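Just so it is clear, the values below take in all heavy atoms, side chains as well, and ignore hydrogens, waters and symmetry mates. Here the structure is a predicted model, which means the values were calculated and not measured. One-based numbering, in listed order, for ligands and for the atoms of each.
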Amino acid sequence: MFENSDLNLTMDKERKLIIAGNWKMNKTVAEALDLVNGIKRDLGNVKELDIVVCPPFTALGEVSKAILKSNIRLGAQNMSEHNFGAYTGEIAAGMLKEFSVRYVILGHSERRQYQKESDALVAKKALAAHGASLKPIVCVGETLGEREAGKTEKVLETQVRDSLAGLNKEQMGETIIAYEPVWAIGTGTTATAAQAQETHSFIHFLLGKIFDESVARRVRIQYGGSVKPSNARELMSLPDVDGALVGGASLEERSFADIVKNSI
Ligand code: PEP
């Protein structure tokens, strides 16, 4: 499908899978603790892949304490592009670091849609995240209309170039990309294995073009969009799929744990 497909840089599976749960605006502190304690009980011995939970800001403190010295890592769902100052309602990277946050989701399609976040803003946030030694998870993905109009490649190229603008090669290597087709988020419709592999391969190819091949080989690209226990094994076994960003199915211990276990 992609015009560059003959040049695709299909990656061998040298990258560690990273599976992150995006809890969105769900869970009180007590509910968040219940969930994360269950995840810890179930997945506390998993070493084969990186496991990240991204609770709402209000639960970061307690979840952070609950996962201390465990294999579960903490992520936030957003942050400001500024380090401090008069930005009412915003949270800076340094504030997240106080809770031992390691990852931060940036440019999720819901923020692009509801808060009108642009690629340029996402790029500023990614730079600010790296400035505080947080690893950004930068989300990209096309809408159904864009896919049906044959514009997937073009849309992704713009998002990848512009949302990562200004990162140096070292920073890019420490950045995670989440490919989340908008039509698959929260809809129950998942990209087929062929669609996911083709698109991830294209993004790795793009990274090789924009940065260089050794950077492209390091960057992990998560798939997001209705990942469930029943489709995780097939998706995670694809050569260019390096993990998952899970929304709905991460809100329940059993389904998140099964996604992780089925991915090993
Ligand atoms: C998401 O919002 O990042 C996501 C992938 O959601 P879901 O798994 O519910 O489709």
Side-chain angles (χ1 to χ4, degrees), residues 17-27 31-32 35 39 43 49-57 59 73-79 101-117 119 122 125-126 129 135-144 146-147 152 155-156 159-160 163 175-193 195-197 199-200 203 220-236 238 240-263:
L17 291 180
I18 174 167
I19 298 195
N22 173 14
W23 297 358
K24 308 193 185 186
M25 199 174 72
N26 295 293
K27 306 292 178 190
E31 289 165 348
L35 178 55
I39 291 171
L43 302 174
L49 47 78
D50 292 331
I51 303 168
V52 182
V53 292
C54 305
F57 290 130
R73 299 283 173 260
L74 193 58
Q77 298 174 22
N78 178 39
M79 54 167 263
V101 169
R102 310 255 187 121
Y103 298 88
V104 59
I105 300 170
L106 298 178
H108 189 279
S109 67
E110 287 152 13
R111 295 202 62 84
R112 290 177 184 265
Q113 183 183 351
Y114 302 130
Q115 274 76 33
K116 306 289 172 236
E117 291 199 358
D119 291 330
V122 174
K125 291 185 179 198
K135 290 186 204 298
I137 298 176
V138 174
C139 302
V140 297
E142 81 287 357
T143 63
L144 186 58
E146 288 163 344
R147 181 164 275 270
T152 301
V155 167
L156 288 177
Q159 288 180 343
V160 168
S163 300
T175 299
I176 291 130
I177 293 181
Y179 167 60
E180 301 206 300
V182 178
W183 47 271
I185 297 178
T187 59
T189 304
T190 315
T192 63
Q195 285 170 326
Q197 170 53 27
T199 313
H200 281 235
I203 296 172
R220 295 186 286 182
I221 306 177
Q222 296 175 311
Y223 169 79
S226 301
V227 175
K228 337 176 228 275
S230 57
N231 58 29
R233 193 185 306 280
E234 184 183 26
L235 287 164
M236 295 308 115
L238 298 169
D240 286 86
V241 174
D242 308 309
L245 183 55
V246 186
S250 73
L251 294 175
E252 212 230 312
E253 178 206 332
R254 190 69 269 139
S255 49
F256 187 67
D258 284 348
I259 287 171
V260 171
K261 287 177 185 167
N262 292 349
S263 301

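- Ligand 1 lies less than 4.0 angstrom from a heavy atom belonging to Gly186.
- The backbone N or O of Ser226 sits less than 3.5 Å from a side-chain atom of Asn231, completing a donor-acceptor pair.
- Among protein heavy atoms, atom 5 (C) of ligand 1 sits closest to Glu180 OE2, 3.0 Å.
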Side chain to side chain contact (heavy atoms under 4.5 Å, CB included) between His108 and Glu180, worked out
CA-CA 8 Å; His108 189 279; Glu180 301 206 300; 3.3 Å; yes
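- Not a single N or O atom of Ile185, backbone or side chain, sits closer than 3.5 Å to an N or O atom of ligand 1.
- Counting heavy atoms closer than 4.0 Å to ligand 1, residue Ala184 contributes backbone atoms (N, CA, C, O) but none from C-beta onward.
- In this pair, Tyr179 and His200 present their aromatic rings perpendicular. The plane angle is above 60°, beyond the 30 to 60° band.
- Around atom CD of Glu234, no more than 12 heavy atoms belonging to other residues, nucleotides or ligands sit under 6.0 Å away.
- At least one N/O-N/O distance between Gly247 and ligand 1 falls below 3.5 Å.
- The protein heavy-atom contact nearest to atom 9 (O) of ligand 1 is Gly248 N, 2.8 Å.
- Taking every non-hydrogen atom of Gly225 and a distance limit under 4.0 Å, the qualifying atoms of ligand 1 come out as 5 (C), 10 (O).
- Residue, atom and distance of the protein heavy atom nearest to atom 1 (C) of ligand 1 are His108 NE2, 3.2 Å.
- Looking at ligand 1, you'll find an N or O of Lys24 within less than 3.5 Å of one of its N or O atoms.
- Within a 6.0 Å sphere centred on CZ of Arg102, other residues, nucleotides and ligands contribute 12 heavy atoms or fewer.
- Qualifying ring-ring contact (aromatic ring centres under 6.0 Å, His included) partners for Phe256, counting only residues two or more places apart in sequence or in other chains: none.
- No donor-acceptor pair under 3.5 Å is formed between the side chain of Gln77 and the backbone N or O of Asn22.
- Within the listing of ligand 1, atoms 2 (O), 3 (O) sit less than 4.0 angstrom from a heavy atom of Asn22.
- For ligand 1, the polar-atom distance check finds no N/O of Gly224 at less than 3.5 Å from any of the ligand's N/O atoms.
- Under the rule for a side-chain contact (heavy atoms from CB on, under 4.5 Å), the partners of Arg220 that lie at least two apart in sequence or sit in another chain are Arg15, Lys16, Ile18, Asp50, Tyr103, Ile176, Asp242.
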